[in-house]
Protein chains: 2
Amino acid sequence: MRSTTIKDVAERAGVSAATASRVLSGHSATSEDARLAVRTAAEELGFRPNAQARSLRKTSTQTIGLLLPDIRNPFFADLAHAVEQRAREFGYLTLFGNANESQEQQDSYVDVMLSQRVDGLIAAPQGEARDLSGLLAGEVPTVFVDRVVDGAEVPTVTADNAGGIADAVRHLAALGHTRIGYIAGPQATSTGRERLEAFRAAVVETGSDQDADLVYFGDFQSASGAAGARFLLDLAVPPAALLAADSLMSIGAVGVCNERMLSIGSDLAFVAYDDIEAFTLVNPALTVIAHDVHAMGRLAVDLLIAEIAGESPQSVVLPSRLIIRGSTPSLSEGNPV
Amino acid sequence: MRSTTIKDVAERAGVSAATASRVLSGHSATSEDARLAVRTAAEELGFRPNAQARSLRKTSTQTIGLLLPDIRNPFFADLAHAVEQRAREFGYLTLFGNANESQEQQDSYVDVMLSQRVDGLIAAPQGEARDLSGLLAGEVPTVFVDRVVDGAEVPTVTADNAGGIADAVRHLAALGHTRIGYIAGPQATSTGRERLEAFRAAVVETGSDQDADLVYFGDFQSASGAAGARFLLDLAVPPAALLAADSLMSIGAVGVCNERMLSIGSDLAFVAYDDIEAFTLVNPALTVIAHDVHAMGRLAVDLLIAEIAGESPQSVVLPSRLIIRGSTPSLSEGNPV
DNA sequence: CTGAAAGCGCTTACAG
DNA sequence: CTGAAAGCGCTTACAG
């Protein structure tokens, strides 16, 4: 079953393929007669132009690639949504790839997307610059979002990781906490590294306990958050405050607290990085380090569009905001250290 | 900056484009010499074949389309992940589209995906058969997943909606509940309709209260779950048990309970449709109607692959499983009607 | 305003 | 085993 081509349309309309093409792409001057004939013919035949053929001739495909580490992470799902909606406004279709927090899958998606000749690529990358040589050689306009890669000359849209973590630690310290357990992200990611560094600096700044055991290394997925909570709560001198470096690890960690009948807010202070809708499930509500994910997605697209247009857009860093809720009451309200 | 083509590679390797093509696609007989020369040339030039040109010649693009209603719904995020991983195993890239629970965006994605000449399409559709004429005319192999469209001759992978809801209502009735509030999904979706129908049947079967006010119509998104919970809890005679037809509405509804200091499990029984990771945030844990999303995604891909191969695969219905947890204790345990 | 022709980058019978 | 040639479906200078 060969699908109908522009030739079929042209034949039926009694014009040449060239004229049919002009009419269908709303191009230049075409006669009233031609327009009518071609449009009805296309309609009747159910003509659907072959995007492959079109983009072989033109140099653009009107698609952008979006490469994310984990679509099951609500933060990235929100980001994907924001990017896709914004891209639509510019007439771009978003091809989405899920690297599954795996270097290998990331590489293979970069490959495939470049083969598909996407007009641009938005990625939350992992690994190092040399792993992304294809992108960084300037083969295609690229924007990094949320995460970055050292030494890459690519515009980025990131959040103020350091500021958010510092605010959270200061907040806990002000509440009287001196032992703060930290569930860190993977150090292969820029966000994992920056947040940990900021945590360590803030611990020093506030005079909190620098015990190395207070840092557990997770992988941004929920099981590692659970493992981290278990590890920290089982320490000889367990921390009375926990800070987790992303939303999925927070979910895992809170789950462990629930299992153990530890009451968040009274038995344990808790701060989560990222503010996701599902956090309203927690009672009392979680104190979080929040970002404007929607703005992050929009801006990433805007920078990419500018790049595609040949401009050299400036990177932007979005502010973090500490939202204090019931999970971090002052110690006098009943938190036994 | 023209990207390197197979001609460039051929020239550098001192062979014809035809030979270069054969080597690069691991085709038929090629000489040892040719293979070596072409491979090194391709390597040196960083040659990346143009997928557009290739799929214009061949008839397949090695891509499938995945059209989902809402990527921010964890159920669909999990499904997307499962589909994508399975498709990868067969060498297919997944082009992902987010219809945003909008008919219009769904239509435009169907259009774009057909234009991109995806080899097959997996969709959780909404609306009616006539809205999807392109798909249903057999233009491209299609599988519906989770949701279906009446009168469409398309293989489907669905969950046993009716069985799950019936089990939940019976469970609540056995606990002594006679007034059960139901937050329904949109009636433009097959899942919304089937679940509501099953709810009504089970209410009759168990002799529960058939008051029409006990059904609130939501839209599968969290804000409507919150609105539904407020509506139901504000009734003159509010239900002491709530059942929500998906995970996002459950999140909204539980959030309202938290706001109102209603203790789930003691003040109110709660059952959620779908079991998502974030539900571990709730304490006590939620009773849920669970499915094997992973199997659903895998099967959808398997059916599609079969269809692409020219077979006529059978639709499959996956079982629902009621998982009873702390949010639905027996009334004697303290639920005041 | 319109058509004939060339060409985008690849693949594949067809000869040899 | 290999090359010349045709063709996938479109678009776009080039003439007219």
Side-chain angles (χ1 to χ4, degrees), chain A residues 1-39 41-42 45-63 111-112 114-119 139-140, chain B residues 1-39 41-42 45-63 111-112 114-119 139-140:
Chain A
M1 182 195 62
R2 200 177 56 78
S3 46
T4 68
T5 74
I6 201 167
K7 266 187 167 168
D8 302 326
V9 174
E11 190 171 340
R12 184 174 190 115
V15 300
S16 73
T19 299
S21 170
R22 289 194 191 96
V23 170
L24 261 14
S25 50
H27 216 33
S28 63
T30 45
S31 72
E32 185 65 40
D33 285 2
R35 261 168 297 181
L36 191 67
V38 170
R39 290 217 181 100
L45 262 30
F47 173 63
R48 207 180 293 276
N50 183 324
Q52 250 79 35
R54 170 177 293 166
S55 55
L56 190 56
R57 254 323 302 248
K58 323 195 29 146
T59 38
S60 95
T61 55
Q62 289 303 108
T63 59
D111 234 57
V112 170
L114 293 185
S115 270
Q116 294 283 337
R117 297 294 191 267
V118 293
D119 293 343
E139 268 189 58
V140 66
Chain B
M1 183 194 62
R2 198 178 57 77
S3 47
T4 70
T5 74
I6 201 167
K7 266 187 167 169
D8 302 326
V9 174
E11 190 171 342
R12 184 173 190 116
V15 299
S16 73
T19 300
S21 171
R22 290 195 191 95
V23 170
L24 260 15
S25 51
H27 216 34
S28 63
T30 45
S31 71
E32 184 65 41
D33 284 3
R35 261 169 296 182
L36 190 67
V38 170
R39 291 215 180 100
L45 261 30
F47 173 63
R48 208 180 294 274
N50 183 324
Q52 249 78 35
R54 170 178 295 166
S55 56
L56 190 56
R57 258 317 308 245
K58 327 207 8 159
T59 37
S60 95
T61 55
Q62 290 302 108
T63 59
D111 234 56
V112 170
L114 293 186
S115 270
Q116 293 284 336
R117 297 293 192 269
V118 293
D119 292 343
E139 268 189 60
V140 66

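Chain identifiers are assigned alphabetically (A, B, ...) following the order of the sequence lines, protein sequences preceding nucleic acid strands; residue numbering begins at 1 within each chain. Values below: all heavy atoms of this structure, side chains included; hydrogens, waters and symmetry mates excluded.
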- Which is true for A:Ser31 with a 4.0 Å heavy-atom rule: it touches a base, it touches only sugar-phosphate, or it touches nothing? sugar-phosphate
Distance check needed: [N] [atom2] versus [X] [atom1], whole Å only.
{"X": "B:Asn50", "N": "D:dC8", "atom1": "CG", "atom2": "P", "value": "18 Å"}
{"X": "B:Leu24", "N": "C:dC10", "atom1": "CG", "atom2": "P", "value": "9 Å"}
{"X": "B:Leu114", "N": "D:dG9", "atom1": "CG", "atom2": "P", "value": "16 Å"}
{"X": "B:Arg48", "N": "C:dC10", "atom1": "CZ", "atom2": "P", "value": "12 Å"}
{"X": "A:Lys7", "N": "D:dG9", "atom1": "NZ", "atom2": "P", "value": "8 Å"}
{"X": "B:Ile6", "N": "D:dG3", "atom1": "CD1", "atom2": "P", "value": "12 Å"}

- Message: With a 4.0 Å limit, can you tell me whether A:Ser21 has a side-chain N or O closer than that to the phosphate oxygens OP1/OP2 of D:dT11?
- Response: yes
- Determine: side-chain N/O of A:Thr19 to OP1/OP2 of C:dG3, distance under 4.0 Å, yes or no. yes
- Note on the structure: Of A:Lys58 and B:Arg35, the one whose closest nucleotide on DNA chain D sits nearer the 5' end is B:Arg35
- Query: Any donor-acceptor pair under 3.5 Å linking the side chain of B:Arg35 with the backbone of B:Thr30?
  - Reply: yes
Nearest to the side chain of [X] - [options]?
{"X": "B:Ala18", "options": "D:dC10, D:dG3, C:dT11", "answer": "D:dG3"}
{"X": "B:Arg57", "options": "C:dT11, D:dC10, C:dG3", "answer": "C:dT11"}
{"X": "B:Arg54", "options": "D:dG9, C:dC10, D:dT2", "answer": "C:dC10"}
{"X": "B:Thr5", "options": "D:dC10, C:dC10, D:dG3", "answer": "C:dC10"}

- Nearest nucleotide by nearest heavy atom, which residue falls closer to the 5' end of DNA chain C, B:Phe47 or A:Asp33? A:Asp33
- Heavy atoms only: give me the nearest A:Ser55-A:Ser60 pair and the separation to one decimal. CB-O, 3.3 Å
- Query: Going by heavy atoms in the side chains, are A:Gln116 and A:Thr63 under 4.5 Å from each other?
  - Reply: no
- Query: Considering only heavy atoms from C-beta outward, does the side chain of B:Ser3 approach that of A:Arg117 to under 4.5 Å?
  - Reply: yes
- Query: For atom P, what is the distance between C:dC14 and C:dC10, given to the nearest Å?
  - Reply: 24 Å
- Message: Both distances below 3.5 Å, Watson-Crick or wobble geometry, any strand: find the nucleotide opposite C:dA15.
- Response: D:dT2
- Item | Neighbour count above 12 (heavy atom, 6.0 Å) for B:Glu11 CD | no
- Task: Could you tell me whether the side chain of A:Arg117 has a donor or acceptor atom within less than 3.5 Å of a complementary atom in the base of C:dG9?
- Result: no
- Look at the side chain of A:Arg22 against the base of C:dG3 and say whether a donor-acceptor pair falls under 3.5 Å; ignore hydrogens and angles. yes
